[in-house]
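Just so we're clear, the structure is a prediction, and the values are computed from it rather than from any experiment. What you see below is based on every heavy atom in this structure, not just the backbone, and it leaves out hydrogens, waters and symmetry mates. In listed order, ligands and their atoms are each counted from 1. We're numbering straight along the sequence, starting at 1.
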Amino acid sequence: MVKAFGFVAYGGPEQQQFLDRPLPEPGPGGLRIEVRAAGVNPADWKKREGWFGTVAEPPLVMGSEAAGVVTAVGEDADGFAVGDEVFGIAPAGAFAEQTLLAARATARKPATIGFDQAAALPVAAATAYDALQQLQLHSGELLLIVGIAGGVGTAATQIARARGITVLGTAGASSADHVRALGATPVRYGEGVTDRLREAAPDGVDAVLDLVGGTAVRDVAGALRRPGRLVSTADRATVEELGGAYVKRDGTAAVLTALADLVADGTLDAHISARYPLEHAAEAIAAVESGHARGKLILEMNRP
Ligand SMILES: NC(=O)c1ccc[n+]([C@@H]2O[C@H](COP(=O)([O-])OP(=O)(O)OC[C@H]3O[C@@H](n4cnc5c(N)ncnc54)[C@H](OP(=O)(O)O)[C@@H]3O)[C@@H](O)[C@H]2O)c1
């Protein structure tokens with residue numbers, strides 16, 4: 001049996017518990033990995049609460065991004081072998097000692113980067129990468145990131161800075177130093193944010209990447225020089241009302257490989273602010289659910 005953490009009914013954190021699952025067998029095109037690290041994301045608690053539908057029958061294993069070592073290779077999962085160090089999206093859940101990945105959406109982990117850094121890439125960093133592609137930003141442009149201090153914003157800032165883009169971002173007062181360390185200018189969110197943004201960017205901004213939605217993006221969308229150059233990962237209804245678009249995910253191994261290369265060459269760092277053993281999964285999920293996690297939170301398991 002495999003130890004995992006998940007939920008037994010849709011609802012709040014009280015539905016979460018440890019689960020004993022049978023060792024999963026990879027089907028055609030699938031891989032099984034021994035999970036070494038898994039990233040924690042807002043999607044974990046949103047799924048538990050039924051934001052993405054309630055069709056799948058609990059108990060369900062939580063977590064959706066994992067890095068680990070291949071322990072079994074399914075039919076037609078070409079190019080992978082037992083012992084390979086890989087990372088990717090884990091549709092069957094990542095908070096488990098062993099899980100399954102789809103070979104076509106799995107990338108190899110460079111030997112020079114840790115399992116923890118690799119596990120932080122498939123959701124937050126890949127979403128940041130996709131959103132920046134969608135905004136079609138060029139060197140010298142000015143980007144505003146709403147909610148810059150979390151997982152997606154921390155990755156987006158580093159990728160954008162490496163492309164010569166200047167970055168401003170809304171964050172709480174306690175996140176200002178983190179934002180500056182990324183090479184961006186923090187603008188404190190909350191009452192008065194429109195004025196503070198006007199002071200920081202008197203001529204407006206070229207594009208907005210929204211990671212929060214609602215009032216947080218409405219309050220700053222007026223700063224856009226060209227209305228509509230706005231992509232959100234958090235709130236489809238509001239961004240479409242403002243003339244922007246929801247993020248389009250690529251989901252291929254090519255993006256994951258590009259991101260791993262950026263980590264390997266020192267351009268990108270997940271800024272892991274906390275690590276937890278699998279036994280403390282509930283604590284890690286609660287920290288993300290608070291809405292104020294900084295950078296990435298990681299669960300670690302099967303440490304050699
Ligand atoms: N569609 C997709 O494929 C996809 C993929 C990834 C993520 N997402 C979504 O994108 C959003 C961001 O994800 P994430 O992983 O970056 O989340 P996260 O790491 O949990 O974000 C936490 C950050 O949000 C900041 N924040 C909270 N309220 C804010 C406000 N009103 N204004 C500005 N900043 C605020 C916090 O800053 P302070 O601590 O300073 O308050 C904290 O640093 C989530 O809604 C997530 O579900 C979607």
Can you list the ligand 1 atoms lying under 4.0 Å from a non-hydrogen atom of [X]?
X: G147; result: 33 (C), 34 (N)
X: Y246; result: 1 (N)
X: S175; result: 38 (P), 39 (O), 40 (O)
X: T170; result: 33 (C), 34 (N)
X: A149; result: 43 (O)
X: V152; result: 6 (C), 7 (C), 13 (O), 14 (P), 15 (O), 16 (O)
X: V247; result: 1 (N)

Between [X] and ligand 1, does any nitrogen or oxygen pair lie at a separation below 3.5 Å?
X: G150; result: yes
X: T233; result: yes
X: A216; result: no
X: A293; result: yes

When you measure from the side chain of [X] to the backbone N and O of [Y], does any donor-acceptor pair fall under 3.5 Å?
X: Q134; Y: K248; value: yes
X: R161; Y: A184; value: no
X: D130; Y: D250; value: yes
X: N41; Y: A43; value: no

Rounded to the nearest 0.5 Å, how far apart are [atom1] of [X] and [atom2] of [Y]?
X: K47; Y: T54; atom1: NZ; atom2: OG1; value: 12.5 Å
X: E191; Y: D219; atom1: CD; atom2: CG; value: 10.0 Å
X: F5; Y: L278; atom1: CZ; atom2: CG; value: 8.5 Å
X: R188; Y: R196; atom1: CZ; atom2: CZ; value: 4.0 Å
X: R163; Y: T267; atom1: CZ; atom2: OG1; value: 10.5 Å
X: E289; Y: W45; atom1: CD; atom2: CH2; value: 5.5 Å

What is the closest protein heavy atom to [atom], and at what distance does it sit?
atom: atom 27 (C) of ligand 1; result: G291 O, 3.2 Å
atom: atom 19 (O) of ligand 1; result: G151 N, 2.9 Å
atom: atom 47 (O) of ligand 1; result: K46 NZ, 2.8 Å
atom: atom 11 (C) of ligand 1; result: L211 O, 3.3 Å
atom: atom 17 (O) of ligand 1; result: P42 CG, 3.3 Å
atom: atom 29 (C) of ligand 1; result: Y189 CE2, 3.5 Å

Salt-bridge present (E300, R275; N to O < 4.0 Å): yes
Ligand 1-proximal atoms of [X], by part, heavy-atom distance under 4.0 Å:
X: K296; value: neither
X: T127; value: side chain
X: I148; value: neither
X: R249; value: side chain

Any A124 heavy atom less than 4.0 Å to ligand 1: no
Sub-4.0 Å heavy-atom contact, S174 with ligand 1: no
Whether H292 and Y189 hold their rings parallel, tilted or perpendicular, with breakpoints at 30° and 60°: parallel
Closest heavy-atom pair and its distance - L256, G88: CD1-CA, 3.9 Å
4.5 Å side-chain heavy-atom contact, I165 and S139: no
